[in-house]
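The next block holds one structure in the form of structure tokens; read it before the comments.
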Number of protein chains: 2
Amino acid sequence: MPTRKPRSSRTGRATMADVATAAGVSAMTVSRALNRPDKVSEEVRARVAEASRRLGFVPSRLAAALATARSMTVTVLIPSLTNSVFIDVLAGIQETLSPHGYQPVIGVTGYAPEEEERVLRTQLASGPDGVILTGLDHTPATWDLLRGLPTPVVHTMDLARNFAGDTDDALTVGFSQFDAGHAVGRHLVERGRRRIGLIAGQLDPRTRQRCDGWRQALVEAGLHDPALELMVPDSTSVALGAELLERMLAAHPDLDALFLCNDDLAQGALFHCARRGIAVPGRLAVAGFNDLGGAAWTIPPLTTVATPRHAIGVEAARLLLAAINGNDNGPRSVDLGFRLMVRETT
Amino acid sequence: MPTRKPRSSRTGRATMADVATAAGVSAMTVSRALNRPDKVSEEVRARVAEASRRLGFVPSRLAAALATARSMTVTVLIPSLTNSVFIDVLAGIQETLSPHGYQPVIGVTGYAPEEEERVLRTQLASGPDGVILTGLDHTPATWDLLRGLPTPVVHTMDLARNFAGDTDDALTVGFSQFDAGHAVGRHLVERGRRRIGLIAGQLDPRTRQRCDGWRQALVEAGLHDPALELMVPDSTSVALGAELLERMLAAHPDLDALFLCNDDLAQGALFHCARRGIAVPGRLAVAGFNDLGGAAWTIPPLTTVATPRHAIGVEAARLLLAAINGNDNGPRSVDLGFRLMVRETT
DNA sequence: CTGTTAGCGCTTTCAC
DNA sequence: GTGAAAGCGCTAACAG
């Protein structure tokens, strides 16, 4: 009598036991044949492979995770999905983790430390083998959670040495937002500008650090005027950049240079200038931040700061993988730097 | 003698059993107190909550998933992380799933059906409660896998009725790429253009359908010239748009209108025109596709097609949730349409 | 309302 | 090289 496929599982899927029966071996041998082929005889391996294919066997990673206490997932917390900055980081993470069999699992925090804490808490329930967070500004409870983890944690986009609080000797991968802002400020000063303004939105800690750096550079040059700072909490966009520039110009017609904390704002500013016939850089110099896709293609091409977003993702994942594998002797903090891209708007 | 926290778990974390002991109840009661509070006495609930908090208990979703056969995850397969089109869809999915406790788990397919099949296979191992895919162009083996699933599947960005192959009465959410392309073609014709060209990159099935629609419109008007089609496999970018337009203009100086299958290409084309002093729309009309962030802010503002990417994500997730909850009586195919955004480049 | 029993599907450990 | 037993941490199903 022909053997029927015995689908024992509740889910209707074949289990290892099913494959075992079909192959005439024990479940344990199936497990070995699939995971450590070298630990099993050539012949058995073939039989198991055949049975496995015939039954359309898909091993349950859930069960494996429970048994081994390794989920093969990595929790990745980012502030927003619609900000391409974090998507670039995520892409780097995913490309690096994936070949090693690890699955990034995304959590979106909406730029709010409390939400980050909540999301982290729920994600920890699925027992990730590692955690990658954005920034170092977490709630005390979040730090507690992280401290209690048996798995490694990497913080991105910032560096421990630039952080005011206690970072517990955390693993960090990023660059100095402060230095980057400072570089822009100095560049504008060196171009001979005297009335240098600042427009910023989405005031997360990293944006603030950039602004701090810029301010410091102006103070050093004796050129800082607080009235020329326009900082709003709204999320950045092309439209917002145009609008804020209009506002600033109305109040300070003598403005001759401007740092906008993100390229989309800068693009909006350039658009406003084009419409109003304001010469760039003749009358107004404009600098952005991040070197997003279109920055080299604005008219005129935008001076901005290129940030190593993708590389940060790659490096964060590498550090995490190393830590997961017990390599604790690597660097604890990786500074990937930034590059001031001087183009034609300054 | 003071009771020590008995951390029985291998992972060093407290288990339900630990909490149970600490609260003086059974593990089952802890489970109920946490998941169905109404099924438990006020007093016990409080005791469990207290013990749970004191031990820093984080329930293992893995174990729960294994026991209930519900992982509370949804596999989401997209071609690319760096194409904002899919990120917008993803954001819609994530926002909709998240409040219901479902975790989207992303897989990246690189626009390759074979890779999609591979990624899907590995993801199925973690027993998702649903699957959301991009497009309807899957390998036969992928269709087999999907058919065999006990969980619902939703296909996005396309509509079953527009698909050439057999779709198994699949759930689909999207819009007609063909009609959208057709609308652009007709619009250009109606603007009185005679030498209407096409530039396309990233030739996935959806791009091809858009091109087909455009071509159809020109054929209908008796204006189609195959020589004016420039289709390349490269992924789209601003730089590519500029380059391809230059090439096309060299070969066909009489070109008077152009459809570019993605806004970044169109932006590059506009840039090239600005640099070469080609009047838009005077000498050359330009239309893009997708209405990405900057499209309204190019100079002049770009005519393009607004696609409901976010809404597609939201609706796909809704349909999936309904199906997971056994509501099979809703629509099987949702057409979210598109809007031709006529601005100043045509 | 609460507890007991059994088991999800896999892997660890130890025999053989 | 292979198998049997036990258990990962939770919950379904039943009993009380």
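Letters go in sequence order (proteins before strands), and every chain restarts at 1.
Atom NZ of K39(B) and atom P of dA13(D) are 13 Å apart (whole Å). Rounded to whole Å, the distance from CG on L66(A) to P on dC10(D) is 9 Å.
Other residues, nucleotides and ligands contribute only 12 or fewer heavy atoms inside 6.0 Å of the CZ atom of R36(B).
Inspection of the E116(A) and T109(A) side chains reveals no N or O donor paired with an N or O acceptor under 3.5 Å.
Looking at the side chain of M28(B), the nearest of the listed nucleotides dA13(D), dG9(D), dG3(D) is dA13(D). Side-chain proximity of M16(B) to the nucleotides dA12(D), dC10(D), dG9(C) is greatest for dC10(D). Each of dT11(C), dG3(C), dT11(D) was ranked by its minimum atom distance to the side chain of N35(B); first place goes to dT11(D). The side chain of A64(B) lies closest to dT11(D), out of dT11(D), dG3(C), dG9(C). Across dG3(D), dT11(D), dC8(D), the shortest atom-to-atom separation from the side chain of T29(A) is found for dG3(D). Of the candidate nucleotides dT11(C), dA12(D), dT2(D), dT2(D) has the atom lying nearest to any side-chain atom of V40(A). Relative to the side chain of V25(A), the nucleotides dT11(D), dG9(C), dG3(D) differ in distance, and dG3(D) lies closest.
Residue S26(A) has no polar side-chain atom (N or O) positioned under 4.0 Å from OP1 or OP2 of dT2(D). Within the 4.0 Å cut-off from OP1 or OP2 of dT2(C), at least one side-chain nitrogen or oxygen of S41(B) is found. Contact check, S31(A) against dT11(C): a side-chain N or O comes under 4.0 Å of OP1 or OP2.
Residues S60(B) and G24(A) both approach DNA chain D. Their nearest nucleotides, taken by heavy-atom distance, put G24(A) toward the 5′ side.
Across V131(A), L171(A), L133(A), I312(A), a single residue satisfies side chain to side chain contact (heavy atoms under 4.5 Å, CB included) together with V154(A), and that is L171(A).
A salt bridge links R332(B) with D169(B): the closest approach of a Lys/Arg side-chain nitrogen to an acidic carboxylate oxygen falls below 4.0 angstrom.
For dG3(D), the base has a donor-acceptor partner in the side chain of R32(A) [N/O atoms by modelled type, under 3.5 angstrom].
Ring geometry for Y111(B) against F86(B) counts as perpendicular: the plane angle is over 60°, on a 0 to 90° scale with 30° as the lower cut.
To the nearest 0.5 angstrom, L97(A) atom CG is 9.5 Å from T73(A) atom OG1.
Within residues 43-51 of chain A, no residue is approached by DNA chain C to less than 4.0 Å at the level of any non-hydrogen atom.
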